[in-house]
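The sequence lines fix the lettering, A, B, ..., with proteins before strands; numbering per chain opens at 1.
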Protein chains: 2
Amino acid sequence: MLATRKNPKRRATRLRDSERTRERLLQAASREIYRSGFQSASLDTILAVAGVTKGALYYHFDSKEALGHAVVDEVIAPDVRGKWVRPLQSGKDDPIDALIGAVQGIPVRPADVRGGCQLNNLAQEMSPLDAGFRKRLAIIFDAWREAVAFVLREGQTHGSVRRDVEPADAAGLLIAMVEGYASLAKNAQDPKVMKAGIRNIVGWLRSLRAPGNRKRG
Amino acid sequence: MLATRKNPKRRATRLRDSERTRERLLQAASREIYRSGFQSASLDTILAVAGVTKGALYYHFDSKEALGHAVVDEVIAPDVRGKWVRPLQSGKDDPIDALIGAVQGIPVRPADVRGGCQLNNLAQEMSPLDAGFRKRLAIIFDAWREAVAFVLREGQTHGSVRRDVEPADAAGLLIAMVEGYASLAKNAQDPKVMKAGIRNIVGWLRSLRAPGNRKRG
DNA sequence: TAACATACATACTGGTTGGTATGTTGGCCA
DNA sequence: TGGCCAACATACCAACCAGTATGTATGTTA
């Protein structure tokens, strides 16, 4: 009489259930890693949050490390792509406006600010300790930087971005500012710090506009 | 016949030995926290590195948390003061030159870059989890920001810094840049990233100089 | 020199960790 | 309808964790 706590599955195929279990594990792991870091996130806690058992976890993932890597690939990477890569690739807006829009889209709700940036959190903790994490996270950072550099180069060819700006350098600096302010705001546990940071970053972005191409302010 | 592994102490007073033990614990803890984070740093490992026993540890500190707090107060805080607060207070250099000097003094040896910034590491990990850490680290960040803002204000009164610069904002932005680049370099595990970041920060600092007060380049 | 406090050293504990070994169940196919 | 396998569920384990209880060598004081 083991393994029958829940009502038996009715019509849904087993395969669909399996994918759902995997997804719940990824979401729970992502949340717990966000809360307390990868190393300190307990598998038992993740399982409790996900509402699945250890057997299910180790059916889908070989180890805690593999689960963490999957979180990077399947949760964090799509998130960065959705917020920083795709919006900049659309090519509809003026490049500087597009970057300002992305910066102003950074969440500033208390819960988000206090938790910091998921990408940066994991990178800080795991990059020196685990090459698997490091490589996956580096791919995300590279894509981010390249997306920013790309719009800056485009802006230069269209004359809206200053020619003396080095796109790769400026992209790195933007990301450093974003992550740096996220760190300061997380440490202060105060959304005001992040809001002030966004204002300063936006001010710096405006300074990249080519003279005679200023739209407003 | 317990507790006589080592030669009996000869002439040194007990009090001196005690202080030395405490200091070794702080240094070992600082190193291990730097390597793997506070939560993942094992007390047994710290003790092995320090070459002392658990009895000694719990004679000097009430708990692992108290040891961590002491590392912040007695290792990290003096380090930041020595590198960022005192050099800026001396008032001998031109303010912008002083800031450039501090930025260029950031260590870029592989070991330093790969480990990241001790202050930022701990803040990222512990600020959301432990108010004792958060308050101590916030004091350090505040002192750092205030030291930078102070020289900028001084530069404005002496005419060497642009008047439209908001010292508090610029100080926060500088710190965000420094910590942001430290994060990126740590993730990339590559000193080149930090060196490029320092160049970009220095370039930004030069842009704060008042017109007609440019010293070189 | 006897009593005492300081500064440890050692052994141990209960709880937690990631991981494993072994069941069990329901759908599916021959 | 009997066998098979994906997809779990449960119980368990050795290692490790922070912390504690207790012992003891040594300098200081009365």
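- The existence of a salt bridge linking Glu74(A) and Arg22(A) is confirmed by a sub-4.0 Å separation between a basic side-chain nitrogen and an acidic carboxylate oxygen.
- Under 4.0 Å is where a charged nitrogen must lie from a carboxylate oxygen, and between Arg134(B) and Asp130(B) no such pair does.
- Salt-bridge annotation for Glu146(B) and Arg153(B): present, with a side-chain N of the basic residue lying under 4.0 Å from a carboxylate O of the acidic one.
- For the pair Arg24(B) CZ and dA7(C) P, the computed distance is 16 Å after rounding to whole Å.
- At least one side-chain nitrogen or oxygen of His60(B) sits closer than 4.0 Å to the OP1 or OP2 atom of dC8(C).
- For Thr53(B), taking side-chain heavy atoms from C-beta onward, the closest of the listed nucleotides dA9(C), dA18(D), dT10(D) is dA9(C).
- With dT10(D), dC8(C), dT20(D) as the choices, the nucleotide that has an atom nearest any side-chain atom of Tyr58(B) turns out to be dT20(D).
- Looking only at side-chain heavy atoms (C-beta outward), Ile106(B) and Tyr181(B) stay at 4.5 Å or farther from each other.
- Comparing atom distances between the Thr21(B) side chain and each of dG19(C), dC8(C), dT10(C) picks out dC8(C) as nearest.
- Taking atom CG on Leu47(B) and atom P on dC16(D), their separation rounds to 15 Å, with Å as the unit.
- Atom CD of Glu19(A) and atom P of dA6(D) are 15 Å apart (whole Å).
- Listed by residue number, there are no residues of residues 63-71 of chain B with a heavy-atom contact under 4.0 Å to DNA chain C.
- Within the structure, a side-chain polar atom (N or O) of Ser18(B) is placed less than 4.0 Å from OP1 or OP2 of dC8(C).
- If you measure from atom CD1 of Ile46(A) to atom P of dG18(C), you get 8 Å, rounded to the nearest angstrom.
- Heavy-atom distances to DNA chain C give each of Ser42(A) and Asp62(A) a nearest nucleotide, and the one nearer the 5′ end belongs to Ser42(A).
- The pair Lys54(B)-Asp44(B) meets the salt-bridge criterion, with a side-chain N (NZ, NE, NH1 or NH2) lying under 4.0 Å from an Asp/Glu carboxylate O.
- Atom-to-atom, CG of Asp44(A) to P of dT17(C) comes out at 6 Å; the value is rounded to the nearest Å.
- Phe38(B) carries Lys64(B) over the face of its six-membered ring, with the cationic atom under 6.0 Å from the centre and within 45° of the normal.
- The NZ-P distance, from Lys54(B) to dT24(D), rounds to 21 Å in whole Å.
- Salt bridge Arg199(B)/Asp169(A): absent, no basic N to carboxylate O contact under 4.0 Å.
- At a non-hydrogen distance threshold of 4.0 Å, nothing from residues 30-38 of chain A comes into contact with DNA chain C.
- A donor-acceptor contact closer than 3.5 angstrom links the side chains of Gln124(A) and Ser183(B).
- Between the side chains of Asn120(A) and Lys186(A), not a single donor N or O lies within less than 3.5 Å of an accepting N or O.
- Among the nucleotides dT6(C), dT20(D), dC8(D), the one closest to the side chain of Tyr59(B) is dT6(C).
- Distance from the side chain of Leu43(A) is smallest to dG19(C) among dA7(C), dG19(C), dA9(C).
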